Amino acid sequence: MTKIVILDGYTAIGRSCECQSTDADGEDQKTKGLTNPDDFPWMELARLGTLKVYDRTKPEETVARAAEADIVLTNKVILNRETLSQLPRLRYIGVLATGYNVVDIEAAHQCGITVTNVPAYSTESVAQMVFAHLLTVTNRTEHYAVANRNGRWSHNPDFCYWDTELTELAGKTFGVVGLGNIGSRVAQIALAFGMKVKALTSKEENKLAQGIEKATLEELLATSDVISLHCPLTQTTHHIINSDTLKLVKPTAIVINTGRGPLVDDQAMADALTKGQLSAFCADVLSEEPPGITNPLLRHPNAFITPHIAWATREARNRLIQVATENVRAFLNGKPQNKV
């Protein structure tokens, strides 16, 4: 019987499904916080072997919990070379995310371990969050909703009021840094808003979708009204937004980061906001997660920070589970998919 262990199921789906034991038919589940076994989101995975699900796993618990596993699924639990060397039975690692930096891929391959990820499951949800952030800044709907709950509109002498700058997006320039799945979808939506789109991309200009203009980083930063980060995190892109590059942006510009936290130097961004070098910073990711209480962006009035939830719509989480399960099924059938 194939033994499957999920090391941090809670971070993957946002609900407690810690499971003591599950047989291949999904029977006799002993779950925490679930009274109806039909609600067990890993049911189809459980049918592929004997499954154990842990909500969270500390680094010192990883080896013990994975020791007897043929298959391990992880979201944020790190599986490095030292850990993998202590898991001789392990044959497959399924990363419950698109990024797979939590696994030492070279070490895994040397150990004969197949590694897969879940690509593009959250593209629509992350793109949607980009514009949720953007519209928060341009239209301030939450600001007005809160004010009106407190009676502001009811006591207004005129039929309407506004006490913030309201901005129309049509005709503005939207700069996309990185044209992968998410960056490309964001560019499409920006075009639908009537915006001009510039992109920093390795793609040839004649391969870009209609309406997208290729630009250098310097040109994009200097001419864009909105700058949205969607590039991978590498040595080159680490702190691509820093004290020097922030000097290039318009004082009215809005920077949005739903990519990777370390793409932005948090302190440099906070300083630039304070100096008025840009209008607003929106982010769903930060350099450290969860962030330290002293992170200068958390309380800055012109920083709009959400807790890494762009991927977490119900629809995206369902796709994550479905693809992760199919990845395991394909591996067991000798035809692994989404290998990294």
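Just the heavy atoms: all of them, side chains too, but no hydrogens, waters or symmetry mates, feed the values below. Everything numeric in this text was worked out from a predicted model, so none of it was measured.
Once rounded to the nearest 0.5 Å, the distance linking CD1 of I240 with CD1 of I227 reads 10.5 Å.
With hydrogens and angles left out, the side-chain atoms of N75 and T11 include a donor and acceptor closer than 3.5 Å. A side-chain donor-acceptor contact under 3.5 Å links T83 and N80. Of the N and O atoms on the side chains of T123 and R185, not one donor lies less than 3.5 Å from an acceptor on the other residue.
Heavy atoms from other residues, nucleotides or ligands lying under 6.0 Å from OH of Y92 number more than 12.
Nearest heavy-atom pair, F331 versus R91, reported as atom, atom and distance to 0.1 Å: CZ-O, 3.6 Å. Here the closest heavy-atom approach between residue V340 and residue H109 is recorded as O-NE2, 3.0 Å.
Here the rule is side-chain hydrogen bond (donor to acceptor under 3.5 Å, both in side chains) with D284, and of T258, T306, N257 only T306 fits it. Just one residue in the list N117, N327, T98, T116 forms a side-chain hydrogen bond (donor to acceptor under 3.5 Å, both in side chains) with N338, and that residue is N327. Among I241, V264, L246, I256, the one residue that satisfies the side chain to side chain contact (heavy atoms under 4.5 Å, CB included) test with F281 is V264. Put simply, the residue from N150, N156, N148 that forms a side-chain hydrogen bond (donor to acceptor under 3.5 Å, both in side chains) with R152 is N156.
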**Request:** Could you give me the CA-CA distance, side-chain angles and deciding distance for V186 and I189, then say whether side chain to side chain contact (heavy atoms under 4.5 Å, CB included) is met?
**Result:** CA-CA 5 Å; V186 167; I189 298 171; 5.7 Å; no
**Asked** Checking side chain to side chain contact (heavy atoms under 4.5 Å, CB included) for the pair V103/I113: CA distance, chi angles, key distance, verdict?
**Response** CA-CA 11 Å; V103 179; I113 300 170; over 6 Å; no
**Request:** Apply the test side chain to side chain contact (heavy atoms under 4.5 Å, CB included) to residues E213 and E219: give CA-CA distance (whole Å), side-chain angles for both, the deciding distance (0.1 Å), then the verdict.
**Result:** CA-CA 11 Å; E213 176 187 342; E219 180 188 356; 3.7 Å; yes
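Grouping Ile, Leu, Val, Met, Phe, Trp and Tyr by side-chain contacts under 4.5 Å, direct or through others, leaves I293 on its own.
A continuous path of Ile, Leu, Val, Met, Phe, Trp and Tyr side chains, each step under 4.5 Å between heavy atoms, connects M195 with I182, placing both in one hydrophobic cluster.
Taking the ring-ring contact (aromatic ring centres under 6.0 Å, His included) definition, one finds that F131 meets it with F174, F193, sequence neighbours left out.
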